[in-house]
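Accompanying notes for the structure given below.
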Amino acid sequence: TGYICEGEKATISIADPELNVQTLTYQLYNETTSANVGNAITPTSKPIEFPVQEAGTYRVNVSHTCGGTQSSNKITINYYASPEIPKLILTKPTKCGGTTNANGVIAMGNSLPGITYTLKKGNVTYPLDQDGTKWSGLAAGEYTLTASQTACATPQTVSESVVLDV
């Protein structure tokens, strides 16, 4: 499994193909679309490379002109997700005897893999709880939640203000 960024391409390589064997052809096949990608080739140098610009599941078929085809293992290419602020579930801090307790919770309903989430209030950054889906022990106030994806050549970030009131 590999990942590509939107607008970028990956390469599926065969490191050690049979060279100059006119009876063998190598063809990239997209399992997701059930279609061949590009033209079949008879390699003359190593490695052979197939550029991939779409997410999907691929395999390379090696065919002999006298009949018979062998397929490589499947290779899955995914897109890195664009960052987005997930649905949030807010638990307000409680007030007891005129004092507000710091027991508020901001939980993410649908976080995305490959995205880093940061919660700040002023210059203070709050760590995610051990399960990686929520911030606990929060006092009332205004926070900034940022979602970042930095794996691609052009990092992407989005932020949103979140208010926990009593």
Side-chain angles (χ1 to χ4, degrees), residues 1-15 26-39 47-61 71-166:
T1 300
Y3 288 85
I4 58 175
C5 301
E6 215 162 327
E8 296 178 2
K9 68 179 180 180
T11 301
I12 295 175
S13 298
I14 307 292
Y26 292 74
Q27 175 69 60
L28 183 64
Y29 182 78
N30 185 331
E31 296 268 339
T32 308
T33 62
S34 300
N36 289 328
V37 178
N39 296 318
I48 57 174
E49 297 182 336
F50 297 98
V52 177
Q53 292 182 303
E54 298 179 358
T57 300
Y58 296 86
R59 61 182 157 87
V60 175
N61 293 324
S71 297
S72 69
N73 292 331
K74 293 179 182 179
I75 302 157
T76 302
I77 305 290
N78 297 305
Y79 279 122
Y80 281 109
S82 294
E84 61 183 53
I85 301 297
K87 178 182 178 191
L88 299 175
I89 303 156
L90 306 178
T91 304
K92 297 178 180 185
T94 57
K95 196 169 190 175
C96 184
T99 303
T100 301
N101 296 318
N103 61 354
V105 177
I106 297 175
M108 296 184 287
N110 58 337
S111 60
L112 297 170
I115 304 297
T116 302
Y117 297 94
T118 307
L119 185 70
K120 288 180 111 176
K121 182 178 181 185
N123 291 327
V124 178
T125 301
Y126 293 84
L128 278 166
D129 282 359
Q130 204 167 16
D131 68 3
T133 64
K134 67 183 175 295
W135 294 269
S136 300
L138 303 174
E142 185 173 348
Y143 296 81
T144 301
L145 177 59
T146 303
S148 303
Q149 183 273 94
T150 59
C152 296
T154 305
Q156 300 173 331
T157 300
V158 294
S159 295
E160 183 175 293
S161 178
V162 180
V163 176
L164 271 181
D165 55 11
V166 181

Quick check: closest heavy atoms across [X] and [Y], and the distance to 0.1 Å?
X	Y	answer
G38	Q27	O-NE2, 3.3 Å
P83	A147	CB-O, 3.5 Å
L164	T91	CD2-O, 3.7 Å
V105	S136	CG2-OG, 4.0 Å
V163	L90	O-CD1, 3.9 Å
S159	T144	CB-CG2, 4.1 Å

P47 vs I14 side-chain heavy atoms within contact, under 4.5 Å: no
Residue pair E49 / I12, side-chain heavy-atom distance below 4.5 Å: no
Given V37, L28, N73, I48, the one that forms side chain to side chain contact (heavy atoms under 4.5 Å, CB included) with V60: L28
Gap separating the [atom1] atom of [X] from the [atom2] atom of [Y], nearest 0.5 angstrom:
X	Y	atom1	atom2	answer
Q149	T154	CD	OG1	9.5 Å
E54	T32	CD	OG1	8.5 Å
E84	S111	CD	OG	10.5 Å
N110	I85	CG	CD1	11.0 Å
M108	K134	CE	NZ	10.0 Å
I106	W135	CD1	CH2	7.0 Å

Worked check of side-chain contact (heavy atoms from CB on, under 4.5 Å) between T116 and T150: CA-CA 8 Å; T116 302; T150 59; 5.6 Å; no
Any donor and acceptor pair, going by atom type alone, linking the side chain of [X] with main-chain N or O of [Y] inside 3.5 Å?
X	Y	answer
D131	T133	yes
E160	V162	no
S72	R59	no
K92	A140	no

Stepwise side-chain contact (heavy atoms from CB on, under 4.5 Å) test for Y29 and S34: CA-CA 7 Å; Y29 182 78; S34 300; 3.6 Å; yes
Aromatic contact, Y143 with Y126 (centres under 6.0 Å): yes
